[in-house]
Amino acid sequence: MTRFDPASFKDPAGRVFHHSGWVCRTLSEEARRDFQSAQNSGLIDSLVRDQLLLETELVNSAHLGATGPGVGGVVLKQPTVVPVTYAYEWSFEMLRDAALATLQILDRALASGFVLKDANSFNVLFERNTPKLVDALSIEPYRDGTVWAGYAQFCRSFLFPLLIGAYRDVDVQALLVGTMGEVPLQLTAKLLRPRDCLRPGVLKDVVLQARLERTFARAAASVGETAAEHHYPKTALLASVRRLLKIVSGLKAPSTPSEWSGYDRLHTYSEADLSAKASFVERVVGERRWPQVVDLGCNTGDYARIAVGAGARVVALDLDARAIDRLYRGVSRGTAASLLVANLLKPTPAMGWELQERRP
């Protein structure tokens, strides 16, 4: 019997289940048409080729051996990504790269006549140290004159935590845990200072948007109803996307040194001890050929990098987001390394509906 992933109950376009090592997704008739349309346009293949979308294939359910109530005749098939990590387990630069990937996909989708209907961070997973969209069904045909429905969600999931991190010099993982991955607009407006209004992304995307939200809270009409009354040119939407790309690209990670971000310079090992430890890690990983190596408390990741170089798939974890940022910058895209910010004494909790939407 097919067991659907409890995290996918919200999406009417299709539900997720696991089968024979693959992640599969059922399709409504409309979702199937939209995906095939994007595939026929060449958009899907180009996004996969350029490492922006996880490899996604439309397959016959019976040929895959996936049958049962609710599965349907065709499903989407994707490789399994292990481990699954969430935005509140990413360093600043990981979150920024995931935001940039989302905007780049949207930009290219618009050029092909499509759009992203939503833009939350849970649609992105890091596969081989590369952020990739996994929710292929969030790509749908663009309807001329409409606003981007995913804008507010993009702001809450990506832009707002990045602005807070960059402009207030704080790590936002705990804030993202507390807001289940989406920092509210009004909270962001309160956390940023008046002088931050002079910085990119604050006046238009935070201050003015917060003012509009308060205005609509007192009005009978909704934002959606008001937007539907106006024609929004595609050129304006493209300009907005490229404006966001410029803002996000320019945001700098928090720069104040943390406890472990300078570990490679401030450790207590002698040069001989460092050499002996590095040689030990390289030799043992090279001899044993473990399929996966886990580095708990990796600091800036010197030994994780050695394990990657020896051919191991590495999961590297540290509670210091700035140390993970240094490791992330030092490991190439496409490398078999999964990095996450987490505290072993305060593990990432299960969250969401019946504590099953987001894994612990």
Side-chain angles (χ1 to χ4, degrees), residues 43-44 46-56 81 85-112 114-136 138-139 148-167 171-173 176 181-183 188 199-202 204-206 237-255 321-322 324-335 337-341:
L43 176 63
I44 298 296
S46 72
L47 293 176
V48 171
R49 182 178 61 248
D50 294 337
Q51 303 288 298
L52 290 167
L53 173 67
L54 191 66
E55 183 180 342
T56 306
V81 176
T85 61
Y86 301 127
Y88 37 79
E89 298 170 319
W90 301 343
S91 68
F92 180 93
E93 294 198 14
M94 293 172 71
L95 182 64
R96 186 181 61 195
D97 283 354
L100 290 173
T102 300
L103 292 171
Q104 288 162 4
I105 292 166
L106 175 58
D107 187 58
R108 291 171 60 163
L110 287 167
S112 299
F114 295 85
V115 72
L116 284 178
K117 65 181 179 184
D118 51 16
N120 71 69
S121 61
F122 298 111
N123 287 351
V124 178
L125 293 181
F126 274 80
E127 196 259 346
R128 297 186 70 85
N129 204 38
T130 303
K132 296 182 181 181
L133 179 71
V134 295
D135 185 8
S138 65
I139 300 172
W148 178 32
Y151 167 72
Q153 193 174 52
F154 175 83
C155 289
R156 294 192 302 270
S157 300
F158 294 109
L159 183 61
F160 294 163
L162 288 170
L163 292 176
I164 293 167
Y167 296 159
D171 297 318
V172 296
Q173 288 75 25
L176 284 166
E182 293 190 10
V183 180
T188 304
R199 293 174 151 180
V202 176
K204 185 171 184 177
D205 298 291
V206 180
L237 177 53
L238 281 166
S240 179
V241 172
R242 289 166 188 175
R243 179 185 66 85
L244 288 169
L245 273 166
K246 184 176 180 181
I247 290 170
V248 173
S249 297
L251 294 174
K252 305 298 183 185
S255 57
R322 303 182 195 198
I324 290 292
D325 247 346
R326 290 199 59 194
L327 174 56
Y328 180 66
R329 288 195 298 269
V331 179
S332 302
R333 289 283 184 94
T335 299
S338 299
L339 315 181
L340 62 153
V341 180

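Heavy-atom minimum distance, A119 versus G150: CB-O, 3.8 Å. For the pair A98 and W90, the tightest heavy-atom approach, listed with the atom from each and the gap, is CB-CZ3, 3.6 Å. Considering every non-hydrogen atom in both S157 and E182, the closest pair reads OG-CG, 3.5 Å. Heavy atoms only, all atoms of each residue included: S91 and A321 are closest at CB-O, 3.6 Å. Of all heavy-atom pairs between L163 and P200, the closest is CD2-O, 3.7 Å. Residues P131 and A101 approach most closely at O-CB, 4.1 Å, considering heavy atoms.
Defined by atom type and a distance below 3.5 Å, a donor-acceptor pair is present between the side-chain atoms of D205 and Y151.
Put simply, OG1 on T130 and CG on L125 are 12.0 Å apart, with the number rounded to the nearest 0.5 Å. Note that the CZ atom of R108 and the CG atom of L43 stand 7.5 Å from one another [nearest 0.5 Å]. Atom CD of E93 sits about 10.5 Å away from atom CG of L162, to the nearest 0.5 Å. Going from atom CG of L103 over to atom CG of L116 covers 9.0 Å, rounded to the nearest 0.5 Å. Of the inter-residue distances, the one linking L100 atom CG with D107 atom CG reads 12.0 Å to the nearest 0.5 angstrom. Interatomic distance, Q173 CD to I324 CD1, rounded to the nearest 0.5 Å: 10.0 Å.
Contact check for P254 versus D171: side-chain heavy atoms found under the 4.5 Å cut-off. For the pair F92/L251, a side-chain contact is recorded, criterion being any heavy-atom separation below 4.5 Å from C-beta on. Using a 4.5 Å cut-off on side-chain heavy atoms (C-beta onward), L106 and V115 make contact. When side chains are defined from C-beta on, V341 does not count as touching M94, because their heavy atoms never get closer than 4.5 Å. Within the 4.5 Å cutoff, the side chain of L133 has heavy atoms near those of the S138 side chain. Annotation: side chain of S249 is not in contact with side chain of K246 (no heavy-atom distance under 4.5 Å). Between F158 and S121 there is a side-chain heavy-atom pair separated by less than 4.5 Å. Residues Y328 and N129 meet the side-chain proximity criterion, which asks for heavy atoms closer than 4.5 Å.
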Audit row: Q51, R333, side chain to side chain contact (heavy atoms under 4.5 Å, CB included) steps and yes/no: CA-CA 10 Å; Q51 303 288 298; R333 289 283 184 94; over 6 Å; no
Show your reasoning for whether side chain to side chain contact (heavy atoms under 4.5 Å, CB included) applies to T188 and L159. CA-CA 10 Å; T188 304; L159 183 61; over 6 Å; no
Please report the C-alpha distance between D135 and F122 in whole Å, then the side-chain angles of each, then the deciding distance to 0.1 Å, and finally whether the side chain to side chain contact (heavy atoms under 4.5 Å, CB included) criterion is met. CA-CA 9 Å; D135 185 8; F122 298 111; over 6 Å; no
What do the steps show when you test V172 against V183 for side chain to side chain contact (heavy atoms under 4.5 Å, CB included), and what is the final call? CA-CA 10 Å; V172 296; V183 180; over 6 Å; no
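Counting only distance, with no hydrogens or angles, the side chain of N120 and the backbone of N123 share a donor-acceptor pair below 3.5 Å.
Using a 30° and 60° split on the angle between ring planes, F154 and W148 fall in the tilted class, from 30° to 60°.
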